[in-house]
Amino acid sequence: TLGGLHTDVDGRVISSVGEEIPGLYAAGRTTSGIAKQGYSSGMSLGDGSFFGRRAGRHAATSGA
């Protein structure tokens with residue numbers, strides 16, 4: 001899903017009109033990524049773990 005969902009740096013999903021969708025977070029391949037000629041598993045792990053952790057922390061502290 002090169003391109004995928006639009007998110008902010010904390011993983012909150014942003015709607016097509018530029019507004020945050022309350023309680024909806026995304027990370028990893030659902031949001032973006034760089035893959036050449038197919039699936040790059042190492043890069044996917046990095047995207048998912050780094051941004052997933054950031055999104056999880058934000059959700060936990062925001063009461064989402």
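Quantities reported herein were computed from a predicted structural model and do not represent experimental measurements.
- Between Ala55 and Gly11, the closest heavy-atom pair is CB-CA, 4.1 Å.
- The line from OG1 of Thr7 to CZ of Arg54 is 10.5 Å long, rounded to the nearest 0.5 Å.
- Residues Val13 and Tyr25 share a closest heavy-atom pair of CG2-C, 3.9 Å.
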Donor-acceptor pairs under 3.5 angstrom involving side-chain atoms of residues 14-24: please list them, not counting sequence neighbours.
| residue | atom | partner | partner atom | Å |
| --- | --- | --- | --- | --- |
| Ser15 | OG | Val17 | N | 3.3 |
| Ser15 | OG | Glu19 | N | 3.2 |
| Ser15 | OG | Glu19 | O | 3.2 |

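- By the 4.5 Å side-chain criterion applied to Ile, Leu, Val, Met, Phe, Trp and Tyr, Phe50 is assigned to a cluster that also includes Phe51.
- Looking only at distances, no side-chain donor or acceptor of Asp10 sits under 3.5 Å from a matching main-chain atom of Arg12.
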